[in-house]
Amino acid sequence: LGGTLHGVVCHEHLGPARSWTRDEQLFAMSVGQSIALSIEAERRDQTEHALRDSEHRFKAILEASPIPMAVSLPDGEMIYANAGMGALFRLPVDKALGKRAVEFYADRGVRDELLAEIDKYGQLREREVQLKRADGSVFWAMISSVRVELDGRQVIVASIWDITSKREAEEKLRHAALYDELTGLPNRTLLFDLLRAELARVDRHDQPFAMLYMDLDDFKQVNDRFGHEAGDALLREVASRIRSGLRAGDVPARVGGDEFVALLPQVAGVEGAKAVADRVAEFLNRPHVISGTTLYCPASVGILMADNTYKDANAVMRDADAAMYKAKQAGKSRTRVFSKE
């Protein structure tokens, strides 16, 4: 077979030598072919039995795994899923079989990207993606996949971990590091990151931006007379009004106890910045009702136009603060534009 000798069937005539007839030759050949076919069938049965055993062991391992796991064909058809996978996607396992893997992705394009990586490297290691459950809810997962041969065909074995709680914890830590706990506004750390990015943009395109620096004029009296709870409530209200007075794309931040700033990335010169500052100041000058008590807490606002002569975020904050200080010196609820003179 194929140039290799596997066996010989020998027919011997016990009498005097004679020639074999054509019918006898055909009979001898048919006996040999029958034996060969029988041996081949036995080998095939053994191979299929071994494959079935291998597949059963493979499925038993997947089923025993506490990690959600699934097996799909290269075209995405799911041909096996363990109980963990069904629980993760809130879908009976028998309902999952036959579905396309792409149906479980929040963004279908992501699955194509992952498949391209598997095709290139034969595996995928710990990629964080958003998946979708049967009820439509979206969650974060870490997925690892490998391409193997199972029962004579190429399949993709995927294991999936639900990392939603991990992502939420990371987001809380990130939020705590970059946002003010009381008001929810960006804090000084995030503000300086945004300022550095804005300075880089100005340096490239020579388009100035504006910075508003705001300080509440009578905030200390509110704390002294009504307590810190009232003061905190007032600060939250101030933050809300600053947001309302700004334009889309402007960024408010809290940088101190009663000090706030606003980054205006695109503004039509000093007059445009002053129009925004006047609107914010007008919102802040309105009476605040805190726990049934009417409070007045106007703000002094400094305005700085930052051009490409500014290379450092600290310099921007320094000059915006100086403009606010000039406004405060002029009296309550004033607005001043920074001047180097």
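All heavy atoms count here, side chains included; hydrogens, waters and symmetry mates do not. Just so you know, residue 1 is the first one in the sequence shown, and it goes up from there.
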Peer 1: Would you confirm whether R201, through its side chain, and P265, through its main-chain N or O, come within 3.5 Å as a donor-acceptor pair?
Peer 2: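 Checked: pair present.
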
Peer 1: Would you mind checking if R127 and E117 are paired as a salt bridge, meaning a charged N to carboxylate O distance below 4.0 Å?
Peer 2: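 Yes, this pair counts.
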
Peer 1: Before accepting this row, confirm whether a basic side-chain N of the pair R167/E128 lies closer than 4.0 Å to the acidic partner's carboxylate O.
Peer 2: yes

Peer 1: I'd like to check the side-chain contact (heavy atoms from CB on, under 4.5 Å) partners of F226; sequence neighbours left out, ordered by chain and number.
Peer 2: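 Result, side-chain contact (heavy atoms from CB on, under 4.5 Å) vs F226: V222, A230, T293, L295.
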
Peer 1: Could you tabulate the donor-acceptor pairs under 3.5 Å formed by side-chain atoms of residues 238-248, not counting sequence neighbours?
Peer 2:
unit_1: R241; atom_1: NE; unit_2: E237; atom_2: OE2; d: 2.9
unit_1: R241; atom_1: NH1; unit_2: F283; atom_2: O; d: 2.9
unit_1: R241; atom_1: NH1; unit_2: R286; atom_2: O; d: 3.0
unit_1: R241; atom_1: NH2; unit_2: P287; atom_2: O; d: 2.9
unit_1: R243; atom_1: NH2; unit_2: T183; atom_2: O; d: 3.1
unit_1: S244; atom_1: OG; unit_2: S240; atom_2: O; d: 3.1
unit_1: R247; atom_1: NE; unit_2: D250; atom_2: OD1; d: 3.4
unit_1: R247; atom_1: NE; unit_2: D250; atom_2: OD2; d: 2.9
unit_1: R247; atom_1: NH1; unit_2: Q266; atom_2: O; d: 2.6
unit_1: R247; atom_1: NH2; unit_2: D250; atom_2: OD1; d: 2.7
unit_1: R247; atom_1: NH2; unit_2: Q266; atom_2: O; d: 2.7

Peer 1: Tell me, yes or no, whether the heavy-atom count around F139 atom CZ, taken from other residues, nucleotides or ligands under 6.0 Å, exceeds 12.
Peer 2: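 Yes, enclosed.
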
Peer 1: Take atom CZ in R225; do more than 12 heavy atoms of anything else shown fall under 6.0 Å from it?
Peer 2: no

Peer 1: For atom NZ of K166, decide whether the heavy atoms of other residues, nucleotides or ligands shown that lie under 6.0 angstrom number more than 12.
Peer 2: yes

Peer 1: Checking N82 side chain against M85 main chain: does a donor-acceptor pair fall under 3.5 Å?
Peer 2: yes

Peer 1: Please report the C-alpha distance between K132 and D107 in whole Å, then the side-chain angles of each, then the deciding distance to 0.1 Å, and finally whether the salt bridge (charged side-chain N to carboxylate O under 4.0 Å, His left out) criterion is met.
Peer 2: CA-CA 9 Å; K132 184 173 59 177; D107 181 351; over 6 Å; no

Peer 1: I'd like to check the side chain to side chain donor-acceptor pair (under 3.5 Å) partners of R236; sequence neighbours left out, ordered by chain and number.
Peer 2: none

Peer 1: For K311, does the NZ atom have more than 12 heavy-atom neighbours from other residues, nucleotides or ligands under 6.0 Å away?
Peer 2: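 Above 12, so yes.
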
Peer 1: Sort and list the pairs that fulfil salt bridge (charged side-chain N to carboxylate O under 4.0 Å, His left out) and have at least one residue in residues 294-308, not counting sequence neighbours.
Peer 2: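 Qualifying pairs, neighbours excluded: none.
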
Peer 1: Under a 4.0 Å threshold between the charged nitrogen and the carboxylate oxygen, would D75 count as salt-bridged to R100?
Peer 2: yes

Peer 1: Given 3.5 Å as the limit, does a donor-acceptor pair link the side chain of H228 with the main chain of D224, or not?
Peer 2: no

Peer 1: Nearest 0.5 Å, please: how far is CG in L91 from NZ in K99?
Peer 2: 6.0 Å

Peer 1: Partners of D215 by side chain to side chain donor-acceptor pair (under 3.5 Å), sequence neighbours excluded?
Peer 2: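 D215 satisfies side chain to side chain donor-acceptor pair (under 3.5 Å) with K328 once adjacent residues are dropped.
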
Peer 1: Can you pull the salt bridge (charged side-chain N to carboxylate O under 4.0 Å, His left out) pairs that have at least one residue in residues 172-192, sequence neighbours excluded?
Peer 2: E171-R174, D180-R254

Peer 1: Could you check whether D278 pairs with K274 (Lys NZ or Arg NE/NH1/NH2 to Asp/Glu carboxylate O, under 4.0 Å)?
Peer 2: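 Looking at K274 together with D278, the answer is yes, because their closest N to O distance falls below 4.0 Å.
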
Peer 1: Just by distance, do the side chain of S144 and the backbone of E126 share a donor-acceptor pair under 3.5 Å?
Peer 2: yes

Peer 1: Once you round to the nearest 0.5 Å, how far does CG of L264 lie from CZ of F209?
Peer 2: 9.5 Å

